[in-house]
*Asks:* 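Here you go, one structure.
All values below were derived from every heavy atom in this structure, side-chain atoms included, with hydrogens, water molecules and symmetry-related copies excluded. Each residue takes its place number in the sequence, starting with 1. Both counts, for ligands and for their atoms, begin at 1 and track the order of listing.
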Amino acid sequence: MPKRPRRPLRCRHCDQKAVINMRQHKLALCGPHFVEWVHKQTERSIKKWRMFTRDERVLVAVSGGKDSLALWDILLELGYQADGLYIGLGIDGGVHYSDQSHEYIRQFIAQRGGDLTLHVVDVAEVYGASIPQAAQLSRRGRAKPCSLCGLTKRHIMNRIAREHGYHVLATGHNLDDEVAVLFGNTLQWAVGYLTRQGPLLPPSHPGLARKVKPLFRFYEREMAAYAIVRGIEYVYDECPFAEGATSIRHKELLNQLEAQSPGAKLHFYLNFLRAREEHGLFQTVQEQIELHTCPTCGQPTTNEGQCAFCRTWERVQERVGALPHTPQGANAP
Ligand code: AMP
Ligand code: FES
Ligand code: ZN
Ligand code: ZN
């Protein structure tokens, strides 16, 4: 018997053709209703977690990827005071990854009429070496720069937020990112990390901005759909160093789980938050963590003395002369 052609999915609200079907919510929506839904959900998360108000200044860390550009777009559309921060890591990987990322951000700003504030910190210009160069110099040839990169990005985000008086620092982490980290930390029972992971991290130290992840309830595919519907161009490639990362393997596993039980990722994450909030899971650990102040940069550190960022970058700068090209303008951290 010939198969009857499947009727295209229709939007729940207006019966137009749907652009996305979210099985976990049993919800299909057309472009305009999907955009409206994303805005409403984000506003709900911001309010529920008391992330920030319209009187506060938000610094959005934008990488040029779909999530952080979508986040900037959503916050602006919702009427928040949101400026951008781009950190030039100097990662090439044969695809000019960092250059491309910066270009997409410029394009985003131009599309919105050019009247947006973007802070740009080029790591090589400011600290004397790009991330891949610094990783080589600090670890004598062991080349994977991801942990140094994370450390450096966190430091710069804190620094710029403090120097420019932002109340809040917002990143584009989505549900898939958050669940992969939660899964990894749970496999290890990394209690210290499990204590702190969440959509809102209050400042652990005077002068630090509150950290928020307003997209934590959205699946990655929802953010990709949002960027497409809104005409936001973004860098598709993952960072070339991410290949083979444990978090990517965890994402694949979690996707298999999600395919069999839609909503599994969302419930895993939301129930973790609930267990912590309502049942006090990990509360005693939270009280035990003692922070010190780095004498060089003033940012918090778990050890006494210099923080990991200052120690690592001082070592890099001592060795930077060994590089074939030393960019000008190297400052002490
Ligand atoms: P990632 O750690 O690469 O998964 O990125 C997580 C979030 O960190 C992104 O959504 C951005 O908000 C922020 N981020 C990552 N890379 C950069 C960058 N080069 N400049 C500014 N923000 C970044
Ligand atoms: Fe930092 Fe890949 S090493 S983004
Ligand atoms: Zn509709
Ligand atoms: Zn320091």
*Asks:* Looking only at the aromatic ring of each residue, does the gap between the centers of H102 and Y97 stay below 6.0 angstrom?
*Replies:*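 No, the ring centres sit 6.0 Å or more apart.
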*Asks:* Does some non-hydrogen atom of E238 fall short of 4.0 Å from ligand 2?
*Replies:*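 E238: no contact with ligand 2 (<4.0 Å).
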*Asks:* Do you see an N/O/S atom of H155, backbone or side chain, under 2.8 Å from the Zn ion (ligand 4)?
*Replies:*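 So H155 does not count as coordinating the Zn ion (ligand 4).
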*Asks:* State whether R112 and E77 are salt-bridged, where the test is any N-O pair (Lys NZ or Arg NE/NH1/NH2 against Asp/Glu carboxylate O) under 4.0 Å.
*Replies:*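 Yes, charged N to carboxylate O under 4.0 Å.
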*Asks:* Would E243 and R249 pass as an ion pair if we require N to O under 4.0 Å?
*Replies:*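 So E243 does not pair with R249 through a salt bridge.
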*Asks:* Is it the case that over 12 heavy atoms from other parts of the model lie below 6.0 angstrom from the CD atom of E163?
*Replies:*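 Atom CD in E163 is packed in, count exceeds 12.
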*Asks:* Could you identify the single nearest non-hydrogen protein atom to atom 2 (Fe) of ligand 2 and state the distance to 0.1 Å?
*Replies:*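 Protein heavy atom at minimum distance: C239 SG, 2.2 Å.
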*Asks:* Does ligand 2 have an atom that lies less than 4.0 angstrom from a heavy atom of C146?
*Replies:*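 Checking ligand 2 against C146, which is what was asked, there is a heavy-atom contact under 4.0 Å.
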*Asks:* In terms of side-chain geometry, is the basic nitrogen of E103 or R106 positioned less than 4.0 Å from the acidic oxygen of its partner?
*Replies:*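 Yes, this pair counts.
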*Asks:* When you measure from atom 1 (Fe) of ligand 2 to the N, O or S atoms of C149, does any of those distances fall below 2.8 Å?
*Replies:*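 So C149 does bind atom 1 (Fe) of ligand 2 by this criterion.
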*Asks:* Can you tell me, to 10 degrees, how wide the angle at the Zn ion (ligand 4) is between SG on C297 and SG on C294?
*Replies:*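 Centred on the Zn ion (ligand 4), the SG/SG angle is 110° (to 10°).
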